[in-house]
Trainee: 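Quick one: this structure, given as structure tokens, is what I'll be asking you about.
This one's a predicted model, so the numbers in the text were calculated from it and none came from an experiment.
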Amino acid sequence: MKLTPRRRIGLAIGWLLLLGLLSAWVGQRMQVSGDLRKFMPDARTPAQKLLLDELGEGPGARLLLLALSGAAPERLAAQSRQLHAALAADPQFELVANGGQAGLEAFPERLLPYRYLIDDLPADAFDAGHLGDELQARLQDLASPAGALVEPLLPSDPTLQVLRVAEALQPANAPQRIDEVWFDHTGTQALLLVQTHAAGFDPGAQQQAVDTINGIFERIAAGSGSRLETSGPGAFSVKIGNRTAREAGTIGSIDTIGMILLLWLAYRSWKMPILGFLPLASAGLAGLAAVALTFDGVHGITIAFGFTLIGVVQDYPIHFFSHQRPGRSPWDNVRALWPTLGTGVVATCIAYLTFLFSGVEGLKQLSVFTITALATAALATRYLLPALVDPATRDFADSAWLARLWRHTRRLPRPRRSLAVLAAAALVVLAWAPGPFWQNDLGKLTPVDGADLLRHAQLSRELGTPDVRYVVAVHGGDAQAALQASERLRPALDRLVADGALERYDMAARYLPSAALQRQRQQRLPDAATLRGALAAAVAATPFRDDAFEPFVADVQRARDAPPLLPRDLRGTPLATVVGGLLLQGGGQATALVSLSGLHDVAAVATAARLHGAELLDLKHASESLVADYRGRVLAALAVAMLLLAATVWVALRSPRRVLRVLLPMLLATLVVLATLRGAGIELNLFHLIGLILAAGLGLDYGLFFEHAGDSLADQLRTFHGLLVCSVMTLLVFSLLGLSSIPVLRAIGGTVALGVVCNFVLALLIAREPWQEAATDAGA
């Protein structure tokens with residue numbers, strides 16, 4: 001089918017319009033998710049389940065630590081109060097704390113009667129003698145500068161129980177307070193703790209929250225010289241996202257320019273970069289559309305890794321372009337290439353098909369995206385691209401420089417025994433390389449600067465945030481059972497603190513006693529007549545009137561008759577956030593968490609927890625086991641993929657010798673890349689595996705096309721040209737990624753770049769047919 005130039009232009013415009021419409025539809029339909037749990041296997045242990053919950057919506061993932069510095073303490077304290085007021089009024093933030101809520105604000109008015117149930121009162125709290133001592137203390141308070149604060153409280157709370165409870169409900173290791181706000185131990189930095197409504201895995205919402213904080217602070221601190229530091233998971237994700245965007249923009253710009261120049265130099269036509277772009281763009285949009293139709297949302301990692309993995313599709317039009325020659329129509333050309341090209345596409349799709357059975361939603365999305373994209377690019381190259389290509393005016397088989405380069409490769413030895421030596425050497429390196437083989441520590445993969453991590457650790461210590469590695473979990477059938485179980489654990493934890501095994505702990509029961517304990521405390525409250533009698537005896541020795549404390553009697557009676565305070569009653573108060581982070585409910589059960597600070601004897605705490613039916617969870621070990629489980633599933637999928645890939649190549653070639661020539665370079669290259677990485681002291685992680693998958697797909701492509709060229713010199717030269725362009729383009733893209741400061745990008749880029757070199761060299765040495773001088777170009 002031959003089209004006129006006008007029709008070719010019309011087809012190209014129609015193709016671009018179709019891509020534009022598909023892009024608009026995908027943009028409206030696609031919901032991008034950042035929930036890392038979609039790329040994690042199902043939790044198999046309580047620690048893994050807790051880790052996944054905390055990664056997603058746990059309070060720790062939503063905390064931002066703020067430090068104000070650079071001005072006098074009184075100025076910083078005033079700015080802290082202004083920042084607190086502005087952020088507390090913003091619906092983006094669930095909790096804003098700066099130490100200024102030690103008074104009544106920390107205990108809402110509607111909960112005031114419960115002040116006698118939350119705190120464990122002494123046995124003589126309502127005796128005439130104790131009440132008399134309290135009233136004498138209030139007389140002294142009234143005569144002091146604090147009199148203005150105390151006077152409004154006296155009628156309903158002569159013992160100032162509300163202030164005691166509010167103080168007791170402050171964090172277990174709160175920082176020092178200067179001018180009623182938190183400061184670090186040096187008194188030079190005002191500290192705030194902010195918790196966002198948005199989940200920690202929502203980078204867009206975290207960016208908006210950080211921007212809001214910065215904007216408000218700039219208005220408050222204008223001209224004062226004070227500075228704001230923001231730390232925490234959300235702040236890190238914003239910083240990493242901005243840095244990733246900058247690097248991706250730089251790398252993408254260089255890649256784009258390099259690819260355009262390379263395609264222009266290779267084919268000496270301004271059309272080729274545009275034509276080569278069409279199958280790649282079609283592949284990406286088709287993959288996104290398939291995922292959007294199949295799943296509720298598209299994960300950001302699916303998009304990033306998907307476009308990385310389908311990088312092989314840029315090779316499809318390049319092979320087609322390099323095999324163009326005068327006298328042969330583009331349709332005949334692509335038809336002759338299709339068996340080889342199709343075999344590579346089918347084999348690669350089968351490899352990614354195994355991810356559908358991994359049990360991990362993120363990998364399923366990646367599978368659907370990649371398979372759809374590869375198939376779309378191949379079909380576009382086969383059935384659309386030839387209609388846009390002008391008849392060839394040159395044959396790369398006639399290139400003098402290419403012929404000279406190919407003659408040099410002819411002198412390279414045909415390896416046989418040396419391949420066994422190479423494989424043995426690689427295996428020795430893999431077996432004897434020092435250090436762990438696999439990298440399970442997620443902390444070593446973080447792109448967060450070391451200085452930022454140290455600063456975050458310092459601020460965490462100043463604010464008294466608990467140890468993030470260990471936590472005690474107390475399970476119950478419901479929230480009340482979990483609270484009661486944690487209350488039974490408290491004496492053992494108090495002994496551990498006294499013995500020095502633990503510095504501090506915190507639990508939900510500290511802020512919200514179980515209903516059963518509240519009822520016990522209600523029974524110890526006096527009735528109205530008894531309390532009035534004790535008050536009368538206490539008031540007799542003071543200038544107070546006999547009826548001055550009737551509101552106090554009424555409050556005690558309300559506490560005596562009130563229904564127990566439950567978690568749902570705390571909504572809209574600062575206590576809701578604290579209790580919500582330490583009391584997890586869902587799935588027909590509840591878990592009360594005990595956060596730990598200054599854990600010095602892990603074994604002692606684990607033993608105490610076990611004796612009381614609780615469990616000490618090691619979240620670091622949980623993260624490592626989760627990574628190992630994930631890697632195990634990926635490796636199992638890859639093992640199945642390799643078998644299916646080999647079967648596909650066998651069906652296509654039907655010759656053990658030809659199959660071996662195609663698969664052996666890829667297998668050896670994978671082994672050499674692994675040995676090189678391990679020999680360099682690099683511990684392998686999931687991203688190296690992804691790089692190996694992509695490199696293996698490229699290696700299969702190289703092997704198939706070298707084998708397809710046969711012993712015809714002309715076909716060998718055209719194949720050599722196409723593979724040179726493909727490999728140089730791929731090497732450019734992934735070498736730049738390998739120079740990235742982002743560990744994930746660096747791992748993928750370095751692995752693929754090394755794999756490209758190894759696969760190309762080994763395919764050239766093993767898969768190509770010997771050059772026969774008398775061979776003729778049957779297709780010329």
Trainee: To the nearest 0.5 angstrom, please state how far the CH2 atom of Trp338 sits from the CZ atom of Arg382.
Mentor: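 CZ of Arg382 is found 7.0 Å from CH2 of Trp338.
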Trainee: I'd like to know if the side chain of Arg417 reaches the main chain of Pro415, judged simply by a donor and an acceptor atom lying under 3.5 Å from each other, with no hydrogens or angles considered.
Mentor: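 Here the side-chain-to-backbone pair does not exist.
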Trainee: Would you check if there is a donor-acceptor pair between the side chains of Trp331 and Ser329 at a distance under 3.5 Å?
Mentor: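 Checked: Ser329/Trp331 side chains show no N/O donor-acceptor pair below 3.5 Å.
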Trainee: Checking side chain to side chain contact (heavy atoms under 4.5 Å, CB included) between Leu717 and each of Leu402, Asp395, Leu405, which is the one that passes?
Mentor: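 Among Leu402, Asp395, Leu405, the one meeting side chain to side chain contact (heavy atoms under 4.5 Å, CB included) with Leu717 is Leu402.
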Trainee: Give the C-alpha distance, both sets of side-chain angles, the deciding distance and a yes or no for side-chain contact (heavy atoms from CB on, under 4.5 Å) between Leu653 and Glu707.
Mentor: CA-CA 10 Å; Leu653 301 181; Glu707 201 279 335; 4.0 Å; yes
Trainee: Once side chain to side chain donor-acceptor pair (under 3.5 Å) is applied, do any residues pair with Arg678, and if so which ones, sequence neighbours excluded?
Mentor: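 Residues passing side chain to side chain donor-acceptor pair (under 3.5 Å) with Arg678: none at all.
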Trainee: Side-chain contact, heavy-atom cut-off 4.5 Å: Arg325 with Arg394?
Mentor: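 Not touching, per the 4.5 Å side-chain cut-off.
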Trainee: Looking at Pro330 and Pro386, what are the two nearest heavy atoms and their distance?
Mentor: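 Looking at all heavy atoms of both residues, the closest pair is CB-O, 3.7 Å.
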Trainee: Enumerate, atom names and distances included, each donor-acceptor pair closer than 3.5 Å involving a side-chain atom of residues 754-763, sequence neighbours excluded.
Mentor:
unit_1	atom_1	unit_2	atom_2	d
Asn759	ND2	Ala695	O	3.1
Asn759	ND2	Gly755	O	2.8

Trainee: Closest approach of Ala378 and Val345, non-hydrogen atoms and distance?
Mentor: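 In terms of heavy atoms, the two residues are closest at CB-CG2, 3.6 Å.
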Trainee: Does Tyr267 use its side chain to pair, donor to acceptor, with the backbone of Ile318 at less than 3.5 Å?
Mentor: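 Looks like yes, one N/O pair under 3.5 Å.
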Trainee: Which heavy atom of Arg746 sits nearest to which heavy atom of Gly738, and what is that distance?
Mentor: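 Of all heavy-atom pairs spanning Arg746 and Gly738, the closest is CG-O, 3.1 Å.
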Trainee: Applying the ring pair (Phe, Tyr, Trp, His ring centres under 6.0 Å) test to Phe720, which of Phe705, Tyr702, Trp406 qualifies?
Mentor: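 Among Phe705, Tyr702, Trp406, the one meeting ring pair (Phe, Tyr, Trp, His ring centres under 6.0 Å) with Phe720 is Trp406.
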Trainee: Less than 4.5 Å apart, any side-chain heavy atom of Met666 and any of Leu645?
Mentor: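 Counting from C-beta outward, Met666 and Leu645 do come under 4.5 Å.
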Trainee: Which residue pairs pass the salt bridge (charged side-chain N to carboxylate O under 4.0 Å, His left out) test when at least one of the two sits in residues 259-284, sequence neighbours left out?
Mentor: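 Listed by first then second residue: Lys271-Asp390.
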Trainee: Taking the side chain as everything from C-beta on, heavy atoms only, tell me whether Leu385 gets closer than 4.5 Å to Phe320.
Mentor: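 SC-SC contact between Leu385 and Phe320 confirmed.
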Trainee: Can you sort out the partners of Leu660 under side chain to side chain contact (heavy atoms under 4.5 Å, CB included), two or more places apart, ordered by chain and number?
Mentor: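 Partners of Leu660 by the side chain to side chain contact (heavy atoms under 4.5 Å, CB included) criterion, ordered by chain and then number, come out as Leu664.
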Trainee: Let me check something: any side-chain donor-acceptor pairs from residues 272-290 under 3.5 Å, sequence neighbours excluded? List them with distances.
Mentor:
unit_1	atom_1	unit_2	atom_2	d
Ser282	OG	Trp15	NE1	2.9
Ser282	OG	Leu278	O	2.8

Trainee: On a heavy-atom basis, which atom in Leu692 and which in Thr751 lie closest, and how many Å separate them?
Mentor: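 Here Leu692 and Thr751 meet closest at N-CG2, 3.7 Å.
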Trainee: Does the side chain of His323 come within less than 4.5 Å of Leu337's, by heavy atoms?
Mentor: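 They are in contact (side-chain heavy atoms under 4.5 Å apart), so the answer is yes.
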Trainee: Under the rule for side chain to side chain contact (heavy atoms under 4.5 Å, CB included), what residues qualify as partners of Ala392, not counting sequence neighbours?
Mentor: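 Here the qualifying residues are Gln324, Pro326.
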Trainee: Can you tell me how far CG of Leu16 sits from CG of Leu21, rounded to the nearest 0.5 angstrom?
Mentor: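 Rounded to the nearest 0.5 Å, the CG-CG separation comes out at 11.0 Å.
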Trainee: Checking side-chain contact (heavy atoms from CB on, under 4.5 Å) for the pair Val752/Leu698: CA distance, chi angles, key distance, verdict?
Mentor: CA-CA 9 Å; Val752 176; Leu698 294 168; 4.2 Å; yes
Trainee: According to side chain to side chain contact (heavy atoms under 4.5 Å, CB included), who are the partners of Ala647, at least two apart in sequence or on a separate chain?
Mentor: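 Testing Ala647 for side chain to side chain contact (heavy atoms under 4.5 Å, CB included), a comparison that skips the adjacent residues, returns none.
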Trainee: Identify the heavy atoms of Gly749 and Leu737 that sit nearest to each other, and give their distance.
Mentor: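 Looking at all heavy atoms of both residues, the shortest contact is CA-CB, 3.7 Å.
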Trainee: Tell me which pairs pass side-chain hydrogen bond (donor to acceptor under 3.5 Å, both in side chains) where either residue lies in residues 647-656, with sequence neighbours left out.
Mentor: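 Of all non-adjacent pairs touching residues 647-656, none passes side-chain hydrogen bond (donor to acceptor under 3.5 Å, both in side chains).
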Trainee: Just to verify, what does Asp398 make a salt bridge (charged side-chain N to carboxylate O under 4.0 Å, His left out) with, not counting sequence neighbours?
Mentor: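 Salt bridge (charged side-chain N to carboxylate O under 4.0 Å, His left out) list for Asp398, sorted by chain: empty.
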Trainee: What distance separates Ile350 CD1 from Leu643 CG, expressed to the nearest 0.5 Å?
Mentor: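 Taking CD1 in Ile350 and CG in Leu643, the distance rounds to 11.5 Å.
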Trainee: Taking the side chain as everything from C-beta on, heavy atoms only, tell me whether Phe706 gets closer than 4.5 Å to Ile766.
Mentor: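 They are not in contact (no side-chain heavy atoms under 4.5 Å apart), so the answer is no.
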Trainee: Heavy atoms, side chains only, cut-off 4.5 Å: are Asp315 and Leu723 in contact?
Mentor: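 With C-beta onward as the side chain, the pair stays apart.
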Trainee: Is any side-chain heavy atom of Leu684 closer than 4.5 Å to a side-chain heavy atom of Leu689?
Mentor: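 Side-chain contact under 4.5 Å: no.
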Trainee: Does Arg335 have any salt bridge (charged side-chain N to carboxylate O under 4.0 Å, His left out) partners at least two apart in sequence or in another chain, and if so, which?
Mentor: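 With neighbours one apart ignored, the set is Asp332.
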Trainee: Examine distances only and state if a side-chain atom of Ser727 and a backbone atom of Leu724 form a donor-acceptor pair shorter than 3.5 Å.
Mentor: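 Indeed, once roles are kept as given, a pair shorter than 3.5 Å links the two residues.
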Trainee: With heavy-atom distances below 4.5 Å as the criterion, would you say the side chains of Thr719 and His319 are in contact?
Mentor: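 In short, these two side chains do not touch, never coming nearer than 4.5 Å.
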Trainee: Of all the heavy-atom pairs spanning Trp401 and His721, show the shortest one and how long it is.
Mentor: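 Result for this residue pair: CZ2-CD2, 4.4 Å.
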Trainee: Give every residue pair that meets the salt bridge (charged side-chain N to carboxylate O under 4.0 Å, His left out) criterion with at least one member in residues 10-27, sequence neighbours excluded.
Mentor: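 Listed once each, the pairs would be none.
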Trainee: By side chain to side chain contact (heavy atoms under 4.5 Å, CB included), which residues pair with Leu293, not counting sequence neighbours?
Mentor: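 Expected list: Trp25, Arg29.
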Trainee: Only one of His688, Glu683, Arg631 passes side chain to side chain donor-acceptor pair (under 3.5 Å) with Gln439; say which it is.
Mentor: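 By the side chain to side chain donor-acceptor pair (under 3.5 Å) criterion, Gln439 pairs with just one of His688, Glu683, Arg631: Glu683.
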